[in-house]
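See structure below.
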Amino acid sequence: MADGLVQARGLRKRFGDFEAVRGIDVDVARGEVFGFLGPNGAGKSSTMRMIACVSPRSDGSLQVLGMDPESQGPRIRARIGVVPQLDNLDQELTVRQNLEIYGRYFGLPKAHVRAKAAELLEFAQLTDRADAPVEPLSGGMKRRLTIARALVNDPELLLLDEPTTGLDPQARHLLWERLYRLKREGVTQIITTHYMDEAEQLCDRLVVMDGGQIVAEGSPAELIERHSTREVLELRFAPEDRPAPEELAAFAERVEELPDRLLLYTADGEHAQAELARSGRVRSRRSCAGPRWRTCSSGSPAGPGGLMTAVETVPRSAGRVPGPVGGVLIVVEHMWLWYRGNWRATVVSSVLQPLLFLLAFGVGFGALVDSTGGAAAATGVCRTWCGSRRAARRLGRADGGVRVHLPVLSGFKWQRIYHAMTAGPIAPGQVALGHLLWVALKTAGAGAVYVVVIALVGGVAGPGVVLSLLVSVLAGAAVAAPVTAFAATLESEGSAFTALFRFVVVPMTLFSGTFFPVDRLPGWLQPVAWVSPLWHGTELARAAALGAGPPPLVLLGHTAYLLALLGVGVALAVRLFTRRLEP
Amino acid sequence: MTAVAPPPPAPSRIVRLLPAGSYAGRAHTLLLRSATASRTTWLAFVSGFAEPVFYLLAMGQGLGSLVGTLPGPDGAPISYAAFIAPGLLAASAMNGAVFDSTYNVFFKLKYGRLYEAMLATPLGPVDIALGEIGWALLRGGLYALGFLAVMGGFGLLVSPWALLALPAALVVAFAFAAVGMAATSYMRSWQDFDLVTLLVLPMFLFSTTFFPLSVYPRWLQVVVECLPLYHAVELMRGLTTGAVHLGMLGNLAYFAVMIGVGVVVATRRLDVLLLK
């Protein structure tokens, strides 16, 4: 095997006590397409990772391109191409950039990767999507891009780990066609698969792996010859008519029982079917024998008792359409269930964070303003002290309100829970309302904890505090509603939200009278406070807690502003959720 | 078209200390990748400049009018804005570096499987660690430069020593990025990031960023003096006000240790996580 690209002897891979690969010998010659066939967990991928020099072997010897992966990993990797089992394309780059940047990892010059990328886009039939993001591509397109990416360094050896798993038949054939082309160009390929038909289509030679060992070896034709029959007859029966496999043993070389059908391995499927019909066991109207390995799955011979017609009577609980409020509550309940498993996140952001701010600005600043003295301090101490207390609470609320975007985004994007909800009888608007109601409830809960803490350290207590709690829930919801609506328009957690947070939320938080009275700001900055829901909320909460403040008409104005913002936000959220979730 | 990927350079003596094949000398290609990726997120990138400026405006202008002046590092009174500006500079270096090296790295590690793709190329874990830390640094450096310019505009830079605040910010960012990346390699889920918030937020609030050490009782002062951000703020405040003294070398040493420990742990952990 002087020309062997890969040579393994007694190759082993252990993960702790588990041995994934148990001493295999493999030789792959230049120019051939070599396959590892076997079920999940057979040790195929572990072997591939060792050959790809990203997984140190536990025992045995391994040579790839005549070098030892242990000491020459980067040099070997420079000359091979890897197509992993799961696509790991760079989601932050476009299709073309994925190819170009990957080429740069190989140290290829800029002009070269640019030309190579154009060539590979053509190869992968993605030229018209070149400057599109990767995410919306179909599974087949992503797979082709991953293969194209693996070719960017013109590899001598291409490793493909289950290249077509999960693809539809069309995408699969297109991929096969591309792999033939590579073979014609002389690229050595190692492929893992659990489909015999794929191995047969692509491989010159293959080994069958099971339980970490090689159990058979040869060309696909030899293996089929040795281990299987030329054809498989597939029979489906209604459960009560299904004969025992032994009854059919005379009609085939081997009978395999699957949950929904029987497979008869035979040299001539049609003949066996005719025999079966003649024996009266199966009255056949349609042919079902397929050429070779299990490529036939469309057969449906009619059994004596008809075909798959049994309808069992199962007691059912009929689904009901929930009322307008019921649907919202179901969504809230869902959120609560989720929260129970993830409460830690909320405790830190909703409770600890405002408390830390309270400590910093209440105690730290209290001391500072006190010690510096001066005319300003006389009122300043009191106002900073009392103000910061409310301030911290406000800040927590705003922050909580703003943070709704992440769960919303993940509801749409990653977990698709909203889609699951609306696939049932719940309306998109109810999802939006339920979500907001949940935020309000959470705000109230965190606020209550906060109030208790303040009361314990000897802060303001009394009926006003309860009122200020209500106000803070209103302010929190008024922030959360428009943010939720905004989040419903986002496609990804890209720059839009970060920018919104830093350009809008941060200034509205800082300049809203939370840390110091608004009149301390230069005149041109004061309008920032006027538009900030936080300022209106702070004014209200402070008046409620202290029992003194601006005249009622002004307080009414603050309330009206918050209610208006809430109303607009809710309307927007409902509309945008509906637009996003309706098919 | 023929293409021969150039073989990675032979490992130098220092690199031989690391596991074989873990460094291809191409960390800069990760910078290229990050720069290309940030083209689509430029708005978030730009907004990073704005945040500390808003803080400076709000705290310096608003609170400053309540507080008046404070004693500076050398005892001479300075305006409140001049007091907090170096604190904000240090804090933004910390925040940027921590964000880049924790959330971003975790996402790429767990969900994007980006590093897996990189390791299929000649790149090794050391390239990845250096490349990612380098990007966090580059970004942090640009933000620091922007903030220093704003400080200059407000007349808060009174000493030529302030020129050194930029490299100092880079050292601080490097240290936090290295330790952040090492910590990220131990994280199992997003829940663990609350611990990051739990460490970073109190540090931001209490490390003499907004008020001097003298407001604390002695025992609490000792605690604060152990925090990394405290040393960063000391460094910055000394440089921007011109009150430079030899003790600042001690602050620098603190970060040198953080960098050393962070880089070694991060690289080794990436090796364990990715090359199993």
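Lettering follows sequence order; numbering is per chain, from 1. None of the values given here were measured: they were computed from a predicted structure.
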Legend entry - Partner set under ring pair (Phe, Tyr, Trp, His ring centres under 6.0 Å) for B:F49, not counting sequence neighbours: B:Y143
Legend entry - Validation row, ring centre B:F204 to ring centre B:F210 under 6.0 Å: yes
Legend entry - With B:S214 via side chain to side chain contact (heavy atoms under 4.5 Å, CB included) - residues at least two apart: B:P212
Legend entry - Atom CD of A:E122 with >12 non-hydrogen neighbours under 6.0 angstrom: no
Legend entry - For chain A, the option from B:P202, B:A117, B:A50 that forms the most heavy-atom pairs under 4.5 Å: B:A117
Legend entry - Per-residue contacts, residues 28-36 of chain B versus chain A, heavy atoms under 4.5 Å: B:T29, B:L32, B:R33, B:T36
Legend entry - From B:T267 atom OG1 to B:I128 atom CD1, the distance as rounded to the nearest 0.5 Å: 10.5 Å
Inset, instruction - With sequence neighbours excluded, tell me which residues meet salt bridge (charged side-chain N to carboxylate O under 4.0 Å, His left out) with B:R139. - result: B:D100
Legend entry - Most chain B-contacting option - heavy-atom pairs closer than 4.5 Å, from A:L525, A:L86, A:V82, A:I80: A:L86
Legend entry - B:L274 versus chain A, the contacting section by heavy-atom distance below 4.5 Å: backbone
Inset, instruction - Would you tell me whether A:S55 and A:R49 have side-chain atoms, one donor and one acceptor, within less than 3.5 Å of each other? - result: no
Legend entry - Between A:R77 and A:N153, a side-chain donor and acceptor under 3.5 Å: no
Legend entry - Top contributor to chain B interface from A:R149, A:R104, A:E100, A:M50 [non-hydrogen pairs under 4.5 Å]: A:R104
Legend entry - Interchain contact, B:Y55 with chain A, by part (heavy-atom threshold 4.5 Å): both
